[in-house]
Structures are given as C-alpha cells and as structure tokens.
Amino acid sequence: MSEPSVFTRILQGEIPSEIVAETERAFVIRDIAPQAPVHLLVIPKTQQYRDVVELAAGDPALLAEVVDLAHRVAAEHADGEFRLVFNTGASAGQTVFHVHAHVLAGGLDEVSTGA
Ligand code: AMP
C-alpha cells in the first residue's frame, strides 16, 4: 500500500479542508491555490488510480461519476459551464498522483488553459 496522498489525508480528516460536495465514490474540495474565480478539485475517494488514463481504463463508471460531479458543482458555484483539466504526468504539471479533475469556472477570460 502506498503512502496516503494529500487528498486521502484530507478525506480522512488529517489535513484540514472543507469537503464542498461528495458522492459515494468521489468528493470535492476547493483548490488551495486557485487559478480561476471558481477552482474546485473533484477527486475519487480511492487513490488506486494515479491519473485519468488509469482511471478511464480501470473504472470508466467512476470517471463518469467524476465528470457528473464536476458539472453539479459548476452549477452550484458558477453558471454550470466549466473547464475540466486533468494534468497527466509531471511534465504536464501533475504534482499529486492521485487522480483529480480541476474544475475551473466563473469567468475564464483571463485564465490560461493550464491549471
Ligand atoms: P496537480 O498539479 O494537477 O497534480 O494538482 C494538484 C492540486 O492540488 C494543485 O492545484 C494544488 O494547489 C492542490 N492542492 C495541494 N494541496 C492541497 C490542499 N491541502 N488543499 C487543497 N488543494 C491542494
């Protein structure tokens, strides 16, 4: 078993963060370093998948649940339109290897495509 990721530690209450929404298998927090007016992270509760490629291959239904939850929180926190970013690999900017989707919303005119 690998070391708990920062997101697993948040889920277990070891690192403080408000869980703003959740389903049986995924949860949502605010990014600690927001890159847009609304910047949320949708995270599977399992850390079994490092990135979205592994998640899509291993549990496509969970990936669909992540996308659905992203839409739900984008509707709650903005107008329901959003950019969904999965940084995949260190050279693409991924720093936490527990798959997560960045939900960027709320006026993206000034925001670049990177999260
Ligand atoms: P990535 O670089 O795509 O792996 O995204 C990791 C994201 O997690 C970054 O945008 C960080 O700002 C965010 N992050 C790291 N630690 C925390 C934390 N304790 N609470 C909320 N967001 C965090």
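Indexing begins at 1, ligand by ligand and atom by atom, following the structure's order.
- Below 3.5 Å of separation, one finds an N or O of His102 facing an N or O of ligand 1.
- Residue contact check for ligand 1: Val85 places no non-hydrogen atom closer than 4.0 Å to it.
- Taking each heavy atom of Ala92 and Asn87 in turn, the nearest pair found is O-OD1, 3.5 Å.
- Looking at Ile29, Asp31, Thr95, Val99, it is Thr95 that brings a heavy atom closest to atom 4 (O) of ligand 1.
- The nearest non-hydrogen atom to atom 22 (N) of ligand 1, considering only Thr88, Asp51, Ile32, Ile43, comes from Ile32.
- Of the residues listed (Ser5, Pro16, Ser17), the one engaging Ile10 in a side-chain contact (heavy atoms from CB on, under 4.5 Å) is Ser17, and it is the only one.
- Close N/O approach between Val96 and ligand 1 is found [any backbone or side-chain N/O within under 3.5 Å].
- A pairwise comparison of heavy atoms in Phe82 and Ala74 identifies CD2-CB, 3.6 Å as the closest pair.
- The minimum heavy-atom distance linking Arg72 with Glu22 is given by the pair NH2-O, 3.9 Å.
- Residues Ala70 and Val42 approach most closely at CA-CG2, 4.0 Å, considering heavy atoms.
- Val52 is connected to Val103 through a chain of hydrophobic side-chain contacts under 4.5 Å among Ile, Leu, Val, Met, Phe, Trp and Tyr, so both are in one cluster.
- In Ile10, the part holding a heavy atom less than 4.0 Å from any atom of ligand 1 is the side chain.
- Residue His100 has at least one heavy-atom neighbour below 4.0 Å for each of these atoms of ligand 1: 1 (P), 3 (O), 4 (O), 5 (O), 6 (C).
- Between Phe7 and His100, the ring center distance clears the sub-6.0 Å criterion.
- Residue Ser17 has no N or O atom closer than 3.5 Å to an N or O atom of ligand 1.
- Residue contact annotation: Gln35 has no non-hydrogen atom under 4.0 Å from ligand 1.
- For the pair Lys45 and Glu24, the salt-bridge criterion is not met [side-chain N within less than 4.0 Å of a carboxylate O].
- In Asn87, the part holding a heavy atom less than 4.0 Å from any atom of ligand 1 is the side chain.
- The part of Phe7 lying near ligand 1 is the side chain, judged by heavy-atom distances below 4.0 Å.
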